[in-house]
Amino acid sequence: MAGVLQQNRSLYVYNDFLKEVISKIKYRGDAELVKGFYPVMRSKLKGISGDTILVPIPLSNERHYERRFNQADIIARGFNRDVHNLLERNAHEEKQSKKNRLERMKKKDNPFIVIDNNSIRGHSVLLIDDVYTTGSTLRYAAKVLIEAGAISVSSITLGR
Amino acid sequence: MRFVSYFLNDRLIVAPETLVENLDFTPVPFGELPQIEPQLLNSSFKYDEKLQQVLYGKMLLFDELQLPLKTIQEHFENGFVMYNQGVIKTKYGWQCKRCGNEKYHLFASFSCFRCKSENCVYCRNCIMMVRVSVCSPLLSWIGPDVKHKSDHQLMWRGELSAGQQIASDCFVEQVGNSGELLIWAVCGAGKTEVLFHGIEKALKMGLRVCIATPRTDVVLELAPRIKEAFPNTLIVSYYGGSKERETPAQLVISTTHQLYRFKQAFNLMIVDEVDAFPYSYDKTLQHAVSGSVRNDALRLYLSATPSGKMKKQVTQNKLPCVKIPIRFHGFPLPEPKMVWSGEWKKRLERGKLPPAFLKWIKSQVVSERRAMIFVPSVSIIEKVTELIRGHVEVIVDFVHAEDPLRKDKVARFRQGDIQLLVTTTILERGVTVPFLDVVIFGADHEVFSESALVQMAGRAGRSKDDHNGQVLFFHYGKSLSMLNAIKHIRHMNEEAGF
Ligand SMILES: [Zn+2]
Ligand SMILES: [Zn+2]
């Protein structure tokens, strides 16, 4: 799977301060706090071509219902470009997490599926998420997008 | 959430969209439903007692109840639960029905997965207690009342001082009536004991009682004392992170913030430190108190330093008041002494302490007594501490509101491991340590109000064995607050007959 993700950019180091802000956004639900990052985000996007499609990393339906918004989606809106929710979590994902480690390593199932291949084909995609930890989430997402015909996939996160 | 609405036997019924299979109904966000009326009570319906106990006297969100949506909906349809709006549109903006917030800048919106609205408006003022938005109903219990048992017994066998007795009698007499009463008790009067007999009477009458205080520390300190005094009574404490919330209690000890969760619940509301920040400054907290009591409730206020507004109400006979001007141990309040210390700010900038202050520090170390040194701002706290350390051998430390080791340091100070504790006004109330002197460094600074100075002075001389603690105001020019604070203390001592 190496190489499917061209590049990741992170705006901030994931330090205690950012950790606290992100947890206030995600767990308390204070979506408004994302807006504090918007000015910096906009300046970071200047070098990225206008044809690139912005795709946030989705939440599972259960998580999305519970939280009522997807933080990645709200972050993506800050770039002042159209946001395309073209990825979805695989419905079997919850069961996957119960499998043991070896089974998970072997698994072919990607946690993501592309909703509409036609919108992806021939485009560059910029994935958006809140935090980059191991990068595996972003690489899984990049993989399905490349398979759906994306020219290249890179990513941007608030923290790393 | 989205709801559908339809008419059944001429009555409007609403239901969460996920519970209705009929696709002819168009779901709308909760806030866009027509006016909801409570359903008629179906007395043959077997209601869930657990739900009754959790929800009775409160306003909670679906997400705060561990019950299936369907169960709650059945209680609504049978007239046991009411769906109330969480955030409503007003003429000029929005209003939060939980905390009363109406400030425009304390509302925001987000693209909401549950109601599918791009702009689901939510309240940021009370966000620390599960977000409430336009599409989240606040549930209340409209079924039968919870019946409390009645074998309450006061097990406290201590004796009241003469001053405490007068206040206690006055309180007992008022229990059962509606209205207000202020107990104006000097720092160290022993106000908790004053509450016991009145609370006992209220509990025996079957009334629901709440003691509210602005600070979590006080809830934690008060709860075991009250539980010990009333061992047969169900008592629950509410503060950010408390775990007992599902127990139906007749006696609740709560931070003023947590009162947002209650609606029309209490017959007797005791508000401790009614003048304390942030309660007196925050309108929505006052709303929380009014919202949590019944219309005919008795409100008892406790304070050592009532606000000017309250004092005025007392002199105009609009607010009944009983004073306890004398401390529990019967000795007068230590009167603060003013000590000129020159331009303390400038000296500090040059890395020096005022000579008068330095002289005191040295004598304090020799006396082996503890001291709290109050400073006007957190920005100078480390510097003052460092400078003191440069002159003495004993353990000196500092503490402020954001200090992660706050609890630990206060405990070490109490045990005597720290002899000199430099602090901001966070320790002006509540902390009781024997053999203590109190010093205010820069007492002329504008952050020190009359009541803050009285409270800080009130830390000294609280125990019988050490009733004569020292209180010093180090200053660069007497402020009005300093003079008023001294006058206030003198006046209380005079009233006590000294
Ligand atoms: Zn609110
Ligand atoms: Zn909504």
Side-chain angles (χ1 to χ4, degrees), chain A residues 15-17 19-39 41 54-89 91 93-94 112 115 128-130 158, chain B residues 1-3 16-19 27 29-31 61-69 86-87 93-94 96 98-99 101 103-137 240-241 257 260 402-404:
Chain A
N15 57 14
D16 286 346
F17 171 73
K19 212 175 264 179
E20 202 187 310
V21 177
I22 289 184
S23 98
K24 275 186 182 160
I25 294 166
K26 278 158 75 167
Y27 307 116
R28 265 194 187 170
D30 201 355
E32 185 72 3
L33 291 172
V34 175
K35 292 189 184 156
F37 298 111
Y38 282 4
M41 288 165 54
L54 270 52
V55 179
I57 294 290
L59 294 176
S60 68
N61 260 326
E62 292 82 357
R63 185 59 45 78
H64 203 165
Y65 184 82
E66 187 190 305
R67 202 168 284 169
R68 304 209 287 178
F69 60 75
N70 173 8
Q71 68 279 1
D73 176 56
I74 295 188
I75 293 166
R77 286 157 190 254
F79 288 117
N80 239 357
R81 294 208 196 163
D82 286 346
V83 175
H84 303 265
N85 282 295
L86 291 169
L87 286 176
E88 208 173 68
R89 289 265 177 178
E93 200 204 343
E94 307 292 309
F112 300 106
I115 295 173
I128 287 126
D129 205 358
D130 52 349
L158 270 191
Chain B
M1 288 167 69
R2 288 199 301 188
F3 276 69
E17 60 169 331
T18 46
L19 296 181
F30 179 75
L61 300 160
F62 276 109
D63 293 10
E64 290 176 290
L65 296 166
Q66 314 294 327
L67 283 168
L69 211 55
V87 172
W94 301 94
C96 172
R98 181 167 63 188
C99 74
N101 167 35
K103 291 191 185 121
Y104 194 73
H105 70 276
L106 287 176
F107 289 95
S109 65
F110 63 97
S111 161
C112 177
F113 191 68
R114 286 200 202 170
C115 70
K116 315 293 176 200
S117 156
E118 273 303 299
N119 295 298
C120 187
V121 174
Y122 69 99
C123 174
R124 300 187 70 204
N125 188 56
C126 58
I127 190 129
M128 62 294 203
M129 30 206 329
V130 187
R131 178 185 51 206
V132 53
S133 79
V134 172
C135 80
S136 24
H257 263 105
Y260 289 148
E402 304 296 319
D403 193 337

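Throughout, protein chains are lettered first and strands after them, A, B, ... in sequence-line order, and every chain is numbered starting at 1. Atom set for the values below is all heavy atoms of this structure, side chains included, hydrogens, waters and symmetry mates excluded.
Cation-pi check for B:R131 over B:F110 is met; the charged atom lies under 6.0 angstrom from the ring centroid and within 45 degrees of its normal. In this structure, B:K103 is not positioned above the aromatic face of B:F107 in the sense of NZ or CZ being under 6.0 Å from the six-membered ring centre and within 45° of the axis.
Of all heavy-atom pairs spanning A:G36 and A:P39, the tightest one is O-CD, 3.7 Å.
Both the backbone and the side chain of A:N61 come within contact range of chain B, with heavy atoms under 4.5 Å apart. Using a 4.5 Å cut-off between heavy atoms, A:R77 contacts chain B through its side chain alone, with no backbone atom that close. Of the two parts of B:M129, neither the backbone nor the side chain holds a non-hydrogen atom closer than 4.5 Å to a non-hydrogen atom of chain A.
Ion pair B:D63/B:R114 flagged as a salt bridge, since at least one NZ, NE, NH1 or NH2 atom sits closer than 4.0 Å to an Asp/Glu carboxylate oxygen.
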